[in-house]
Amino acid sequence: MRLVLIGLAAGFFSALLGVGGGLLIVPLLMLLCRFQPRRATGTSLAAIGLIALVGTFIYGLRGEVDYGYAALVGLPAAVGALFGTAFQQRVSQRALALAFSLFLVAVGVALLV
């Protein structure tokens with residue numbers, strides 16, 4: 001049930017604000033389901049694929065997707081994901097959790113300011 005609720009929240013916030021995967025799924029999987037950071041990240045990425053597919057379809061029906069710009073952002077992001085995954089495998093679970101926590105705090109502070 002926790003996973004279903006996490007998924008519903010992630011889909012809602014992803015479609016509403018463009019966030020949901022890393023900012024919502026990963027910390028909730030770690031806090032509520034006791035996932036380790038690597039497993040939470042991998043699970044989140046798989047879920048994001050599904051979320052993105054549905055969201056893109058709905059926004060595309062409304063003519064609100066610029067596929068050219070999506071490719072200009074998405075293709076380099078896919079390459080970056082290769083490097084990020086390789087780097088993540090070399091960092092301790094604790095360091096990943098700490099770095100992610102600091103990132104979330106920095107984003108929160110930046111949005112408040």
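Residue indices begin at 1 and follow the sequence shown. Only heavy atoms go into these numbers, but all of them, side chains included; no hydrogens, no water, no symmetry mates.
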S.K.: If you look at every heavy atom in V26 and T41, which pair is closest and at what distance?
M.R.: CG2-CA, 4.0 Å
S.K.: According to a 4.5 Å side-chain heavy-atom criterion applied to Ile, Leu, Val, Met, Phe, Trp and Tyr, with indirect links allowed, do F13 and F103 form part of one hydrophobic cluster?
M.R.: yes
S.K.: Looking at side-chain heavy atoms only, is the closest gap between P37 and F100 below 4.5 Å?
M.R.: no
S.K.: Which residues pass the side-chain contact (heavy atoms from CB on, under 4.5 Å) test with A95, not counting sequence neighbours?
M.R.: V91, S92
S.K.: Would you compute the distance between atom OG1 of T43 and atom CG of L3 and round it to the nearest 0.5 angstrom?
M.R.: 8.5 Å
S.K.: Grouping I, L, V, M, F, W and Y whenever their side-chain heavy atoms are under 4.5 Å apart, do V107 and L31 come out in a common cluster?
M.R.: no
S.K.: Quick one: side-chain contact (heavy atoms from CB on, under 4.5 Å) partners of F12, sequence neighbours excluded?
M.R.: L16
S.K.: Is it the case that more than 12 heavy atoms not belonging to R38 sit under 6.0 Å from its CZ atom?
M.R.: yes
S.K.: Nearest 0.5 Å please: distance from the CG atom of L5 over to the CG atom of L32.
M.R.: 9.0 Å
S.K.: V113 and V105: same hydrophobic cluster, using ILVMFWY side-chain contacts below 4.5 Å?
M.R.: yes
S.K.: When rounded to the nearest 0.5 angstrom, what distance separates CG in L45 from CG in L50?
M.R.: 11.5 Å
S.K.: Starting at CD1 of I25, measure out to OG of S14 and round the result to the nearest 0.5 Å.
M.R.: 8.0 Å
S.K.: May I ask you to decide if A40's main-chain N or O and S44's side chain share a donor-acceptor pair within less than 3.5 Å?
M.R.: no
S.K.: Would you say OH of Y67 has more than 12 non-hydrogen atoms from neighbouring residues, nucleotides or ligands within 6.0 angstrom?
M.R.: yes
S.K.: Return the set of residues passing side-chain contact (heavy atoms from CB on, under 4.5 Å) with L98 (not counting sequence neighbours), or none when no residue passes.
M.R.: L102
S.K.: Go through it in stages, so that I can follow the logic: the residues are F57 and V54, the test is side chain to side chain contact (heavy atoms under 4.5 Å, CB included), and I'd like the CA-CA distance, side-chain angles, deciding distance and then a yes or no.
M.R.: CA-CA 5 Å; F57 178 75; V54 172; 5.7 Å; no
S.K.: Would you mind reporting whether L28 and C33 have side-chain heavy atoms less than 4.5 Å apart?
M.R.: no
S.K.: Would you give the length of the straight line joining atom CD1 of I51 to atom CG of L24, rounded to the nearest 0.5 angstrom?
M.R.: 8.5 Å
S.K.: Working to the nearest 0.5 Å, report the span between CD of Q36 and CG of L96.
M.R.: 10.0 Å
S.K.: Test the R39-F35 pair against the cation-pi criterion, namely NZ or CZ under 6.0 angstrom from the six-membered ring centroid and within 45° of the ring axis.
M.R.: yes
